[in-house]
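Let me begin by presenting the structure, written as structure tokens, before commenting on it.
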Amino acid sequence: MRHTVNLTGSQSRKLCIFILSGFAVAGIITGAVFACLHGVSSPWLHQYFSPVYSGDKPFDIFRNDMISSAVFIVAAFFIGLFAFGQPVGAAMLIYRGFGIGGSAAMMYSLYGNDAAAPVLVLITPKAVAVIILSVLAVRELIRSSGAIFSGIISENSHDEKRMNFKLYCIKFSVLLLLSLIVAAADTALNYISAGFLQDPA
């Protein structure tokens, strides 16, 4: 007897989000292990998730946060325009998670147990927001890339299955706007928490 599983659109979206979040979690674990062994002093590695490297002035924090998020989202936008973008999108989420895990591990290596509160207050809220936006960006990347790939290999391409490029642009514009809001909120949080981190002994 054959058993088939039919997923509704809502279930399919939840499954997609769950799988994509798994890539981010894998990146967090990898980044934490790497930081413990080698450190993550490069901006390409910590991606400004660590308050130690995010900047001393509010403008610097906002600029670094926004650049980091904008580069990721713009990259996802363009990769989604290629037929084989899906695996690149998964790798991007691992990379994004790497910065979070590496930054948190680095904080513990610098401050020991005293890093618990700063990580919880200064890294975790931004990390959660950024991962959500990153997962949504990669989900759109995968949809777009999949539609293009399907159009290439399918002899009978239907108009309703074609990517709506205007809607695609709007979705990524919204993600950029939300990234701006997250960067502003993180800047305010860091400003309010100024002095929360003391120089490591």
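The figures here come from the full heavy-atom set of this structure, side chains too, leaving out hydrogens, waters and symmetry mates.
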Can [Y] be reached from [X] by stepping across I, L, V, M, F, W or Y side chains whose heavy atoms are under 4.5 Å apart?
X: Ile132; Y: Ile28; result: yes
X: Phe98; Y: Val33; result: no
X: Ile181; Y: Phe172; result: yes
X: Leu176; Y: Leu93; result: yes
X: Leu81; Y: Leu141; result: yes

Look at the side chain of [X] and the backbone N and O of [Y], then say whether any donor-acceptor pair between them is shorter than 3.5 Å.
X: Ser69; Y: Ser179; result: no
X: Ser54; Y: Pro51; result: yes
X: Ser109; Y: Met106; result: yes
X: Ser50; Y: Ser103; result: no
X: Ser145; Y: Gly80; result: no

Testing the basics here: between [X] and [Y], what is the closest heavy-atom pair and its distance to 0.1 Å?
X: Ala129; Y: Val182; value: CB-CG2, 3.9 Å
X: Phe149; Y: Phe84; value: CE1-CE2, 3.5 Å
X: Pro58; Y: Thr187; value: O-CG2, 3.3 Å
X: Val138; Y: Ala90; value: CG1-N, 4.4 Å

What distance do [X] atom [atom1] and [Y] atom [atom2] have between them, rounded to the nearest 0.5 Å?
X: Leu20; Y: Arg139; atom1: CG; atom2: CZ; result: 8.5 Å
X: Ile100; Y: Ser134; atom1: CD1; atom2: OG; result: 7.5 Å
X: Met92; Y: Phe72; atom1: CE; atom2: CZ; result: 4.0 Å
X: Leu178; Y: Ile73; atom1: CG; atom2: CD1; result: 8.0 Å
X: Ile170; Y: Leu175; atom1: CD1; atom2: CG; result: 12.0 Å
X: Glu140; Y: Arg143; atom1: CD; atom2: CZ; result: 5.0 Å

Below 4.0 angstrom, N of the basic side chain to O of the carboxylate: do Asp60 and Lys57 qualify?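 Salt bridge flag = no for Lys57 with Asp60.
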Does the pair Arg63 and Ile67 meet the rule for a side-chain contact (heavy atoms from CB on, under 4.5 Å), with working shown? CA-CA 6 Å; Arg63 178 196 61 201; Ile67 289 176; 3.7 Å; yes
Going through the checks in order, is the side-chain contact (heavy atoms from CB on, under 4.5 Å) test met by Tyr168 and Phe77? CA-CA 8 Å; Tyr168 184 71; Phe77 175 86; 3.4 Å; yes
Go through it in stages, so that I can follow the logic: the residues are Phe34 and Val40, the test is side-chain contact (heavy atoms from CB on, under 4.5 Å), and I'd like the CA-CA distance, side-chain angles, deciding distance and then a yes or no. CA-CA 8 Å; Phe34 183 92; Val40 287; 4.0 Å; yes
Contact check, side chains of [X] and [Y], non-hydrogen atoms, under 4.5 Å:
X: Tyr111; Y: Val52; result: yes
X: Val121; Y: Pro125; result: no
X: Phe49; Y: Val130; result: yes

Sub-6.0 Å ring centroid separation between Tyr48 and Tyr53: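 That pair fails the under 6.0 Å test.
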Taking it one step at a time, do Ser193 and Asn190 satisfy side-chain contact (heavy atoms from CB on, under 4.5 Å)? CA-CA 5 Å; Ser193 305; Asn190 275 269; 5.9 Å; no
What's the verdict on side chain to side chain donor-acceptor pair (under 3.5 Å) for Ser68 and Gln47, showing C-alpha distance, side-chain angles and the deciding distance? CA-CA 6 Å; Ser68 178; Gln47 303 169 54; 4.7 Å; no
